[in-house]
Protein chains: 2
Amino acid sequence: MSQTVDRALSILPLLAQGPADLGQVAERLGVHKSTALRLLRTLHDHGLVYRQQDQRYRLGARLFALAQEAVENLDVREIAHPHLITLNEQIGHTVHLAVYEESEVLYIDKVESRYPVRMYSRIGKPVAITVAAVAKLLLADLPESERRVIAEKLDYPMYTSRSTPNAAAFLKELAAVREQGWATDLGGHEESINCIGAPIRGAAGRVVAAMSVSAPNVVVTAEELLSLLPLVRRTADVISREYSGSVTPH
Amino acid sequence: MSQTVDRALSILPLLAQGPADLGQVAERLGVHKSTALRLLRTLHDHGLVYRQQDQRYRLGARLFALAQEAVENLDVREIAHPHLITLNEQIGHTVHLAVYEESEVLYIDKVESRYPVRMYSRIGKPVAITVAAVAKLLLADLPESERRVIAEKLDYPMYTSRSTPNAAAFLKELAAVREQGWATDLGGHEESINCIGAPIRGAAGRVVAAMSVSAPNVVVTAEELLSLLPLVRRTADVISREYSGSVTPH
DNA sequence: ATGACTGTTGCAAGTAGTGCAACGGCCGTC
DNA sequence: GACGGCCGTTGCACTACTTGCAACAGTCAT
């Protein structure tokens with residue numbers, strides 16, 4: 001691993017917490033100011049960091065552009081999107097699409113119910129991995145051994161009284177999800193929010209993404225939401241078939 | 001500027017165009033395979049690139065997370081958003097928010113008319129800088145000399161017959177915009193789309209962002225759209241006042 | 001005007017990145 | 001089934017690149 005690059009890249013999450021000046025960056029990196037300066041300059045030249053009027057550095061605009069292009073290259077998302085829209089029009093609730101990558105589950109698309117409140121909102125943010133329906137679906141498909149390793153390493157924050165409490169419960173839940181081919185999150189993340197989700201599978205049958213429908217229980221009860229399950233699963237299957245058919249270009 | 005970091009960062013836009021394998025990366029960087037491997041590994045460790053099953057590399061998930069955090073740190077966006085929503089509810093058309101950074105203008109927020117079609121859509125993508133109303137507003141506020149330099153360096157693609165044809169016309173337009181305090185794009189980017197925009201100013205009176213309302217002329221004529229100008233300007237002013245009042249922490 | 005602070009530059013020392021060459025695994029071909 | 005090519009990977013010697021230092025410049029407050 002390249003030390004110089006390593007240091008430079010460490011600056012990014014550091015700045016993600018908020019703007020910082022040269023001295024702060026140097027200190028938190030544990031290097032000389034002049035070193036930090038050169039690293040920042042290089043990042044700056046590539047548009048990844050930006051220097052505001054008060055000379056402090058913050059994350060730059062090209063980061064958006066890159067993330068934008070990256071997400072557009074995800075063919076699952078491309079294929080799934082129109083189906084998510086359709087589903088949203090049919091049932092009205094918020095629809096999510098998520099993938100698993102490097103021990104993280106994150107939303108890559110979202111169609112909001114009604115008007116778009118806080119667009120972007122959670123897209124790109126890591127999902128509450130121990131409770132979210134999509135996370136269960138994605139992890140449930142991993143080989144047994146890997147599931148176990150991951151489950152042991154996770155934290156199990158009790159967002160609500162119905163959150164997954166520990167690794168054993170989580171593994172049991174994953175086994176059930178794997179068996180039944182769908183997943184729920186009934187108030188496990190926020191007391192009043194329920195979700196149902198279904199997996200999207202690639203040509204080899206492996207789960208490549210997961211989708212979910214979320215709704216507050218003041219709008220629909222958990223039972224009513226569950227009655228939508230067949231529709232959600234059907235949508236996921238349609239996406240799966242379309243995705244399996246599409247050969248990735250080279 | 002650090003050569004190693006420079007090379008590593010050059011990989012990102014390269015991968016933004018699509019996945020690539022080690023050989024391709026090495027070739028396009030002009031370095032030995034082993035060098036490219038180590039750079040990629042470092043990027044990988046930081047989650048910026050991801051290695052898919054076929055061993056090819058593509059942009060990674062943390063990039064989203066970073067972009068996400070970066071956008072949340074933009075206080076203009078935070079403050080403006082509810083006002084954009086309100087404006088959208090009043091007039092129904094698409095509302096954009098944009099900033100200028102490093103010779104680029106880019107959208108940082110968007111409230112779509114009606115249902116959210118293709119969320120994310122253009123957010124993060126560079127704006128057509130020579131014609132967009134928001135671009136004119138942001139550039140018009142720069143000092144005369146800087147405006148001139150930028151105008152000379154730009155390309156002037158003729159998207160339509162009403163696109164800005166050259167630097168002289170652009171500078172003239174900027175002067176007019178600066179004078180009148182608002183801007184339009186009447187079919188300069190897409191023949192059937194009109195926009196009106198207004199600037200958002202910080203405490204020092206400098207333009208820190210710009211907002212615009214866009215609508216196809218099959219829905220409203222340019223004249224009708226222009227009649228909304230007072231409302232748009234008033235919204236921009238409200239945001240300006242709120243933004244000026246809020247002192248950035250530190 | 002003085003001092004303390006920040007950001008910036010040139011330079012010498014040595015570390016850390018580089019390219020090479022050789023290895024190993026994989027896949028298609030003969 | 002063995003061979004040959006292809007791609008990713010590793011160890012190593014060499015030198016180029018990064019590093020920290022120290023001195024300079026600019027800005028603000030005392």
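In this text the structure is predicted, and so the values were computed from the model without any measurement. Chain A is the first sequence line, chain B the second, and so forth, proteins listed ahead of strands; every chain is numbered from 1.
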Side chain to side chain donor-acceptor pair (under 3.5 Å) between B:Y50 and B:R58, worked out: CA-CA 5 Å; B:Y50 175 70; B:R58 63 168 172 75; 5.0 Å; no
Between [N] and [X], is there an OP1 or OP2 to side-chain N/O distance shorter than 4.0 Å?
X     : N      : answer
B:T35 : C:dG19 : yes
A:Q3  : C:dA16 : yes
A:R7  : D:dT19 : yes

Rounded to the Å, how far apart are [X] [atom1] and [N] [atom2]?
X     : N      : atom1 : atom2 : result
B:L29 : C:dG17 : CG    : C1'   : 14 Å
A:D6  : D:dC17 : CG    : C1'   : 17 Å
A:E27 : C:dT6  : CD    : C1'   : 14 Å
B:K33 : D:dT10 : NZ    : P     : 13 Å
B:Q24 : D:dC6  : CD    : P     : 15 Å
B:L37 : D:dT9  : CG    : P     : 5 Å
A:Q55 : D:dA25 : CD    : C1'   : 12 Å
A:R51 : C:dG7  : CZ    : C1'   : 7 Å

Pair B:D109-B:H81, side-chain donor/acceptor within less than 3.5 Å: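 Yes, side-chain donor-acceptor contact under 3.5 Å.
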A:T4 or B:H32, whichever maps to the more 5' nucleotide of DNA chain C: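 First, find each residue's nearest nucleotide; the 5'-ward one identifies A:T4.
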First of A:Y57 and B:A36 reached from the 5' end of DNA chain C, by closest nucleotide: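 So the residue in question is A:Y57.
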Candidates A:M211, A:H83, A:K110 - the one meeting side-chain contact (heavy atoms from CB on, under 4.5 Å) with A:V95: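 Per the side-chain contact (heavy atoms from CB on, under 4.5 Å) rule, the option paired with A:V95 is A:M211, out of A:M211, A:H83, A:K110.
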Selected nucleotide, minimal atom distance to B:V31 side chain, candidates C:dT8, C:dG19, D:dT10: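 Closest of the options to the side chain of B:V31: C:dG19.
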hbond_proxy A:S34 side chain to D:dG20 base (donor-acceptor, 3.5 Å cutoff):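 Check passes, donor-acceptor contact within cut-off.
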Those residues that, when tested against B:R41, pass side chain to side chain donor-acceptor pair (under 3.5 Å) (two or more places apart):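 B:R41 satisfies side chain to side chain donor-acceptor pair (under 3.5 Å) with no residue once adjacent residues are dropped.
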Residues in contact with DNA chain C, drawn from residues 38-49 of chain B - heavy-atom cutoff 4.0 Å: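 Hits under 4.0 Å, by residue number: B:R38.
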Considering all heavy atoms, the nearest B:D155-B:T130 contact: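 Of all heavy-atom pairs spanning B:D155 and B:T130, the closest is O-CG2, 3.2 Å.
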A:R62 with B:E101: basic N within carboxylate O range, under 4.0 Å: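 Salt bridge between A:R62 and B:E101, a charged N being under 4.0 Å from a carboxylate O: no.
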Residue A:Q180 excluded, over 12 heavy atoms near CD under 6.0 Å: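 Buried by this count: over 12 neighbours within 6.0 Å.
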